Protein chains: 2
Amino acid sequence: MAEIRTARTNVRANVRRVPGPCSHWDDLDADFIREVLDLVGDKWSVLIIGTLADGPTRYSELADAIPGISQRMLTLTLKQLRRTGLVDRTAYAEVPPRVEYSLTELGGSLLSTVLALAAWSADHHGEIRRHQAAFDAEG
Amino acid sequence: MAEIRTARTNVRANVRRVPGPCSHWDDLDADFIREVLDLVGDKWSVLIIGTLADGPTRYSELADAIPGISQRMLTLTLKQLRRTGLVDRTAYAEVPPRVEYSLTELGGSLLSTVLALAAWSADHHGEIRRHQAAFDAEG
DNA sequence: CAGTATCCTCATTGATACTG
DNA sequence: CAGTATCAATGAGGATACTG
(Lines give C-alpha, C1' and ligand atoms only; values in the text may rest on other atoms or scores of the structure.)
Protein backbone atom coordinates (compact mmCIF):
# COMPACT_ATOMS: atom_id res chain seq x y z
CA MET A 1 0.00 0.00 0.00
CA ALA A 2 2.67 2.37 -0.97
CA GLU A 3 0.49 5.28 -1.95
CA ILE A 4 -1.62 5.30 1.12
CA ARG A 5 1.43 5.52 3.29
CA THR A 6 2.76 8.43 1.30
CA ALA A 7 -0.57 10.06 0.77
CA ARG A 8 0.26 13.05 2.85
CA THR A 9 2.59 14.24 0.15
CA ASN A 10 1.35 12.31 -2.83
CA VAL A 11 -2.37 12.69 -2.64
CA ARG A 12 -2.68 13.59 -6.26
CA ALA A 13 0.16 11.48 -7.47
CA ASN A 14 -1.73 8.76 -9.15
CA VAL A 15 -1.06 5.19 -8.34
CA ARG A 16 1.37 2.92 -10.07
CA ARG A 17 4.81 2.42 -8.77
CA VAL A 18 6.39 4.02 -5.84
CA PRO A 19 10.08 4.61 -6.42
CA GLY A 20 11.49 4.26 -2.99
CA PRO A 21 10.61 3.40 0.55
CA CYS A 22 9.80 6.96 1.50
CA SER A 23 6.92 6.30 3.84
CA HIS A 24 5.58 9.05 6.00
CA TRP A 25 3.00 6.98 7.75
CA ASP A 26 3.41 4.31 10.28
CA ASP A 27 1.02 1.56 11.17
CA LEU A 28 -0.79 3.68 13.70
CA ASP A 29 -1.66 6.10 10.95
CA ALA A 30 -2.89 3.26 8.78
CA ASP A 31 -5.13 2.14 11.61
CA PHE A 32 -6.43 5.65 11.94
CA ILE A 33 -7.41 5.78 8.30
CA ARG A 34 -9.40 2.66 8.88
CA GLU A 35 -11.20 4.38 11.71
CA VAL A 36 -12.20 7.28 9.51
CA LEU A 37 -13.14 4.91 6.73
CA ASP A 38 -15.31 2.94 9.12
CA LEU A 39 -16.95 6.16 10.20
CA VAL A 40 -17.66 7.21 6.64
CA GLY A 41 -18.73 3.74 5.64
CA ASP A 42 -21.12 3.62 8.55
CA LYS A 43 -24.70 3.15 7.54
CA TRP A 44 -25.98 6.37 9.10
CA SER A 45 -23.10 8.75 9.74
CA VAL A 46 -22.95 10.37 6.34
CA LEU A 47 -26.72 10.68 6.22
CA ILE A 48 -26.71 12.48 9.53
CA ILE A 49 -23.82 14.71 8.57
CA GLY A 50 -25.49 15.50 5.29
CA THR A 51 -28.71 16.45 7.05
CA LEU A 52 -26.91 18.63 9.55
CA ALA A 53 -25.32 20.47 6.64
CA ASP A 54 -28.63 22.31 6.28
CA GLY A 55 -28.12 23.83 9.70
CA PRO A 56 -28.79 22.98 13.34
CA THR A 57 -31.35 20.23 13.62
CA ARG A 58 -33.35 18.76 16.47
CA TYR A 59 -33.27 15.14 17.43
CA SER A 60 -36.78 14.47 16.22
CA GLU A 61 -36.15 16.34 13.00
CA LEU A 62 -33.20 14.09 12.32
CA ALA A 63 -35.34 11.07 12.99
CA ASP A 64 -37.89 12.33 10.48
CA ALA A 65 -35.32 13.40 7.92
CA ILE A 66 -33.60 10.04 7.84
CA PRO A 67 -36.20 7.40 7.05
CA GLY A 68 -35.48 3.98 8.41
CA ILE A 69 -33.19 4.98 11.24
CA SER A 70 -34.14 3.70 14.66
CA GLN A 71 -33.95 5.81 17.80
CA ARG A 72 -31.23 3.54 19.01
CA MET A 73 -29.03 4.02 15.97
CA LEU A 74 -29.71 7.74 15.80
CA THR A 75 -28.64 8.16 19.41
CA LEU A 76 -25.66 5.86 19.02
CA THR A 77 -24.43 7.44 15.82
CA LEU A 78 -24.85 10.95 17.16
CA LYS A 79 -22.84 9.98 20.20
CA GLN A 80 -20.12 8.57 17.99
CA LEU A 81 -20.05 11.72 15.87
CA ARG A 82 -19.87 13.91 18.95
CA ARG A 83 -17.05 11.85 20.34
CA THR A 84 -15.15 12.28 17.11
CA GLY A 85 -15.75 16.01 17.26
CA LEU A 86 -17.78 16.20 14.07
CA VAL A 87 -21.04 17.19 15.70
CA ASP A 88 -22.05 19.50 18.53
CA ARG A 89 -24.99 19.05 20.84
CA THR A 90 -26.83 21.94 22.41
CA ALA A 91 -29.55 21.37 24.96
CA TYR A 92 -31.91 24.23 25.80
CA ALA A 93 -33.38 24.29 29.27
CA GLU A 94 -36.99 24.48 28.18
CA VAL A 95 -40.17 22.58 28.59
CA PRO A 96 -40.58 20.56 26.50
CA PRO A 97 -36.89 19.81 26.08
CA ARG A 98 -35.17 21.00 22.96
CA VAL A 99 -31.85 19.64 21.77
CA GLU A 100 -30.14 20.75 18.64
CA TYR A 101 -27.32 19.08 16.80
CA SER A 102 -25.02 20.91 14.47
CA LEU A 103 -21.92 20.29 12.43
CA THR A 104 -18.65 21.45 13.89
CA GLU A 105 -16.08 23.02 11.63
CA LEU A 106 -14.35 19.68 11.59
CA GLY A 107 -17.56 18.00 10.56
CA GLY A 108 -18.01 20.48 7.76
CA SER A 109 -14.55 19.79 6.44
CA LEU A 110 -15.22 16.07 6.44
CA LEU A 111 -18.46 16.66 4.60
CA SER A 112 -16.54 18.51 1.92
CA THR A 113 -14.23 15.57 1.51
CA VAL A 114 -17.02 13.09 1.43
CA LEU A 115 -18.75 15.19 -1.19
CA ALA A 116 -15.69 14.69 -3.37
CA LEU A 117 -16.35 10.98 -3.07
CA ALA A 118 -19.97 11.59 -3.89
CA ALA A 119 -18.91 13.52 -6.96
CA TRP A 120 -16.77 10.59 -8.00
CA SER A 121 -19.79 8.35 -7.56
CA ALA A 122 -21.89 10.58 -9.76
CA ASP A 123 -19.20 10.79 -12.41
CA HIS A 124 -18.74 7.06 -12.70
CA HIS A 125 -22.23 5.90 -11.97
CA GLY A 126 -22.95 4.81 -15.51
CA GLU A 127 -19.62 3.15 -16.04
CA ILE A 128 -19.98 1.10 -12.89
CA ARG A 129 -23.53 0.07 -13.69
CA ARG A 130 -22.35 -1.16 -17.07
CA HIS A 131 -19.55 -3.16 -15.48
CA GLN A 132 -21.93 -4.72 -13.01
CA ALA A 133 -24.38 -5.67 -15.71
CA ALA A 134 -21.66 -7.21 -17.85
CA PHE A 135 -20.19 -9.06 -14.89
CA ASP A 136 -23.56 -10.43 -13.86
CA ALA A 137 -24.40 -11.44 -17.41
CA GLU A 138 -21.46 -13.80 -17.44
CA GLY A 139 -18.66 -13.96 -14.92
CA MET B 1 -28.75 17.12 3.44
CA ALA B 2 -28.22 20.11 1.26
CA GLU B 3 -25.86 18.79 -1.35
CA ILE B 4 -26.58 15.13 -1.23
CA ARG B 5 -30.32 15.21 -1.24
CA THR B 6 -32.03 18.05 -3.01
CA ALA B 7 -33.99 15.94 -5.32
CA ARG B 8 -36.35 16.92 -8.04
CA THR B 9 -38.54 14.16 -6.70
CA ASN B 10 -38.54 14.16 -2.93
CA VAL B 11 -39.07 10.50 -2.27
CA ARG B 12 -36.59 10.41 0.54
CA ALA B 13 -37.44 13.90 1.56
CA ASN B 14 -40.62 13.99 3.47
CA VAL B 15 -38.19 16.19 5.27
CA ARG B 16 -38.73 19.87 5.46
CA ARG B 17 -38.63 21.77 2.26
CA VAL B 18 -35.43 21.92 0.38
CA PRO B 19 -34.27 25.51 0.43
CA GLY B 20 -32.83 25.98 -3.00
CA PRO B 21 -33.61 23.71 -5.92
CA CYS B 22 -30.13 24.01 -7.37
CA SER B 23 -29.31 20.35 -7.35
CA HIS B 24 -27.27 18.20 -9.64
CA TRP B 25 -28.34 14.93 -8.11
CA ASP B 26 -31.49 12.93 -7.72
CA ASP B 27 -32.44 10.25 -5.23
CA LEU B 28 -31.13 7.42 -7.29
CA ASP B 29 -27.76 9.11 -7.14
CA ALA B 30 -28.08 9.36 -3.39
CA ASP B 31 -28.64 5.61 -3.18
CA PHE B 32 -25.68 5.09 -5.42
CA ILE B 33 -23.46 7.16 -3.17
CA ARG B 34 -24.40 4.84 -0.37
CA GLU B 35 -23.23 1.93 -2.47
CA VAL B 36 -19.86 3.53 -3.05
CA LEU B 37 -19.64 4.51 0.59
CA ASP B 38 -20.34 0.94 1.60
CA LEU B 39 -17.63 -0.22 -0.74
CA VAL B 40 -15.12 2.22 0.65
CA GLY B 41 -16.17 1.53 4.21
CA ASP B 42 -15.76 -2.16 3.65
CA LYS B 43 -13.23 -3.75 5.92
CA TRP B 44 -10.94 -4.98 3.15
CA SER B 45 -11.66 -3.13 -0.10
CA VAL B 46 -9.45 -0.14 0.46
CA LEU B 47 -6.62 -2.32 1.74
CA ILE B 48 -6.76 -4.40 -1.42
CA ILE B 49 -6.98 -1.37 -3.67
CA GLY B 50 -4.09 0.21 -1.84
CA THR B 51 -2.00 -2.90 -2.29
CA LEU B 52 -2.82 -3.15 -5.97
CA ALA B 53 -1.65 0.41 -6.37
CA ASP B 54 1.89 -0.96 -6.28
CA GLY B 55 1.21 -2.88 -9.49
CA PRO B 56 -0.27 -6.20 -10.58
CA THR B 57 -0.33 -8.62 -7.69
CA ARG B 58 -0.96 -12.32 -7.36
CA TYR B 59 -3.64 -13.81 -5.18
CA SER B 60 -1.16 -15.23 -2.70
CA GLU B 61 0.79 -12.00 -2.62
CA LEU B 62 -2.37 -10.15 -1.68
CA ALA B 63 -3.03 -12.67 1.05
CA ASP B 64 0.47 -12.07 2.41
CA ALA B 65 0.34 -8.31 2.00
CA ILE B 66 -2.88 -7.94 3.93
CA PRO B 67 -2.44 -9.54 7.32
CA GLY B 68 -5.56 -10.88 8.89
CA ILE B 69 -7.59 -11.37 5.76
CA SER B 70 -9.07 -14.80 5.25
CA GLN B 71 -9.12 -16.58 1.90
CA ARG B 72 -12.85 -16.28 1.93
CA MET B 73 -12.88 -12.53 2.35
CA LEU B 74 -10.04 -12.02 -0.10
CA THR B 75 -11.90 -13.97 -2.76
CA LEU B 76 -15.23 -12.33 -1.96
CA THR B 77 -13.86 -8.80 -1.90
CA LEU B 78 -11.91 -9.29 -5.10
CA LYS B 79 -15.06 -10.52 -6.78
CA GLN B 80 -16.94 -7.49 -5.57
CA LEU B 81 -14.22 -5.17 -6.81
CA ARG B 82 -14.18 -6.89 -10.18
CA ARG B 83 -17.91 -6.62 -10.45
CA THR B 84 -17.69 -2.93 -9.77
CA GLY B 85 -15.03 -2.59 -12.42
CA LEU B 86 -12.30 -1.41 -10.07
CA VAL B 87 -10.09 -4.44 -10.46
CA ASP B 88 -9.05 -6.69 -13.31
CA ARG B 89 -8.19 -10.36 -13.09
CA THR B 90 -5.72 -12.03 -15.43
CA ALA B 91 -5.19 -15.77 -15.33
CA TYR B 92 -2.12 -17.21 -17.01
CA ALA B 93 -2.40 -20.74 -18.38
CA GLU B 94 0.62 -22.10 -16.58
CA VAL B 95 1.47 -24.81 -14.15
CA PRO B 96 1.30 -23.95 -11.35
CA PRO B 97 -1.54 -21.51 -11.96
CA ARG B 98 -0.79 -17.80 -11.84
CA VAL B 99 -3.47 -15.18 -11.43
CA GLU B 100 -2.76 -11.50 -11.24
CA TYR B 101 -5.03 -8.75 -10.06
CA SER B 102 -4.58 -5.16 -11.07
CA LEU B 103 -6.31 -1.84 -10.68
CA THR B 104 -8.36 -0.65 -13.58
CA GLU B 105 -8.25 2.99 -14.52
CA LEU B 106 -11.53 3.36 -12.67
CA GLY B 107 -9.98 1.75 -9.62
CA GLY B 108 -7.07 4.14 -9.81
CA SER B 109 -9.35 7.12 -9.92
CA LEU B 110 -11.22 5.89 -6.86
CA LEU B 111 -7.94 5.38 -5.06
CA SER B 112 -7.07 9.00 -5.72
CA THR B 113 -10.32 10.08 -4.19
CA VAL B 114 -9.92 7.82 -1.22
CA LEU B 115 -6.44 9.19 -0.71
CA ALA B 116 -8.00 12.60 -0.30
CA LEU B 117 -9.96 11.13 2.57
CA ALA B 118 -6.77 9.61 3.92
CA ALA B 119 -5.14 13.00 3.76
CA TRP B 120 -8.05 14.45 5.68
CA SER B 121 -7.55 11.76 8.29
CA ALA B 122 -3.89 12.59 8.60
CA ASP B 123 -4.56 16.30 8.83
CA HIS B 124 -7.11 15.99 11.60
CA HIS B 125 -5.74 13.00 13.42
CA GLY B 126 -4.56 14.99 16.42
CA GLU B 127 -7.66 17.10 16.67
CA ILE B 128 -9.89 14.06 16.64
CA ARG B 129 -7.83 12.24 19.23
CA ARG B 130 -8.09 15.24 21.49
CA HIS B 131 -11.86 15.36 21.06
CA GLN B 132 -12.15 11.69 21.82
CA ALA B 133 -10.04 11.98 24.95
CA ALA B 134 -12.03 14.97 26.20
CA PHE B 135 -15.32 13.26 25.43
CA ASP B 136 -14.29 10.09 27.21
CA ALA B 137 -12.98 12.02 30.19
CA GLU B 138 -16.42 13.40 30.88
CA GLY B 139 -19.49 13.04 28.73
C1' DC C 1 -1.51 -21.95 -6.59
C1' DA C 2 -5.91 -20.20 -6.47
C1' DG C 3 -9.66 -20.78 -5.19
C1' DT C 4 -14.76 -23.36 -3.09
C1' DA C 5 -17.69 -25.24 0.27
C1' DT C 6 -19.38 -25.48 5.11
C1' DC C 7 -20.06 -24.47 9.42
C1' DC C 8 -20.15 -21.39 13.26
C1' DT C 9 -19.81 -17.31 16.09
C1' DC C 10 -19.95 -12.83 17.43
C1' DA C 11 -21.12 -8.02 16.51
C1' DT C 12 -24.25 -4.80 14.58
C1' DT C 13 -28.81 -3.49 14.19
C1' DG C 14 -33.85 -3.24 14.74
C1' DA C 15 -37.97 -3.65 17.65
C1' DT C 16 -40.10 -2.80 21.75
C1' DA C 17 -40.85 -0.88 26.11
C1' DC C 18 -39.81 2.42 29.44
C1' DT C 19 -38.11 7.31 31.63
C1' DG C 20 -36.32 12.18 33.03
C1' DC D 1 -39.22 15.66 23.49
C1' DA D 2 -35.18 13.21 23.78
C1' DG D 3 -33.50 9.83 25.03
C1' DT D 4 -32.17 4.75 27.76
C1' DA D 5 -32.64 -0.35 28.53
C1' DT D 6 -33.28 -4.91 26.97
C1' DC D 7 -33.78 -8.54 23.93
C1' DA D 8 -33.90 -10.98 19.47
C1' DA D 9 -32.56 -11.67 14.75
C1' DT D 10 -29.65 -11.04 10.83
C1' DG D 11 -25.51 -11.50 8.54
C1' DA D 12 -20.69 -10.31 7.96
C1' DG D 13 -16.74 -12.54 8.62
C1' DG D 14 -13.31 -16.33 10.52
C1' DA D 15 -11.74 -21.32 10.73
C1' DT D 16 -11.28 -25.34 8.52
C1' DA D 17 -11.29 -28.70 4.99
C1' DC D 18 -11.38 -29.78 0.31
C1' DT D 19 -10.47 -29.23 -5.16
C1' DG D 20 -9.24 -28.09 -10.31
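Basis for what follows: all heavy atoms, side chains included, without hydrogens, waters or symmetry-related copies. Since this is a predicted model, take the numbers as computed values, not measurements. Reminder, nothing fancy here: chain letters follow the sequence lines and each chain counts from 1.
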Check: Given A/Thr51 and A/Ile66, is the side-chain contact (heavy atoms from CB on, under 4.5 Å) satisfied, shown in steps?
Finding: CA-CA 8 Å; A/Thr51 303; A/Ile66 303 173; 3.8 Å; yes
Checklist line | Whole-Å gap separating P (C/dG3) and CD (B/Glu61) | finding: 13 Å
Checklist line | A/Arg82 CZ - D/dA2 C1' separation (whole Å) | finding: 12 Å
Note to self: Output the rounded distance in Å from CD (B/Glu94) to P (C/dA2).
What the structure shows: 10 Å
Next item on the list: Identify all stems in which DNA chain C takes part, counting only runs of at least 3 consecutive pairs (Watson-Crick or G-U wobble, each distance under 3.5 Å), and give each as one range with another, ordered by first number.
Entry: C:1-20 with D:1-20
Next item on the list: For B/Thr84 and B/Leu106, work out which heavy atoms get closest and say how close.
Entry: O-CD2, 3.7 Å
Side-chain donor-acceptor distances from residues 36-46 of chain B under 3.5 Å, at least two apart:
from: B/Asp42; atom 1: OD2; to: B/Trp44; atom 2: N; distance (Å): 2.8
from: B/Asp42; atom 1: OD2; to: B/Ser45; atom 2: N; distance (Å): 3.0
from: B/Asp42; atom 1: OD2; to: B/Ser45; atom 2: OG; distance (Å): 3.1
from: B/Ser45; atom 1: OG; to: B/Leu39; atom 2: O; distance (Å): 3.4

Notebook entry, point to check: For every nucleotide of nucleotides 4-20 of chain D, 5' to 3': is a protein heavy atom under 4.0 Å from its base (B), only from its sugar-phosphate (S), or from neither (-)?
Noted result: B-B------BBB-B--B
Next item on the list: Would you indicate what B/Tyr92 reaches in the nucleic acid, counting non-hydrogen atoms under 4.0 angstrom: base, sugar-phosphate, or nothing?
Entry: nothing
Check: Taking a hydrophobic cluster as the set of Ile, Leu, Val, Met, Phe, Trp and Tyr residues connected by side-chain heavy atoms closer than 4.5 Å, whether directly or through intermediates, do A/Phe135 and B/Leu103 fall within one such cluster?
Finding: no
Checklist line | Interatomic distance, A/Gln80 CD vs C/dA11 C1' [rounded to whole Å] | finding: 15 Å
Next item on the list: Identify the heavy atoms of A/Leu111 and A/Ala53 that sit nearest to each other, and give their distance.
Entry: CD2-CB, 3.4 Å
Notebook entry, point to check: To the nearest angstrom, how far is B/Tyr101 atom OH from C/dC1 atom P?
Noted result: 15 Å
Check: Do any pairs count as a salt bridge (charged side-chain N to carboxylate O under 4.0 Å, His left out) and have a residue in residues 82-106 of chain A, sequence neighbours left out, and if so which ones?
Finding: A/Arg83-B/Asp136, A/Glu94-A/Arg98, A/Arg98-A/Glu100
Note to self: Per the side chain to side chain donor-acceptor pair (under 3.5 Å) rule, what does the pair list look like for residues 67-81 of chain B, sequence neighbours excluded?
What the structure shows: B/Tyr59-B/Thr75
Next item on the list: Rounded to the nearest angstrom, tell me the gap between atom CZ in B/Arg89 and atom C1' in C/dC1.
Entry: 12 Å
Notebook entry, point to check: Quick one: ring pair (Phe, Tyr, Trp, His ring centres under 6.0 Å) partners of B/Trp120, sequence neighbours excluded?
Noted result: B/His124
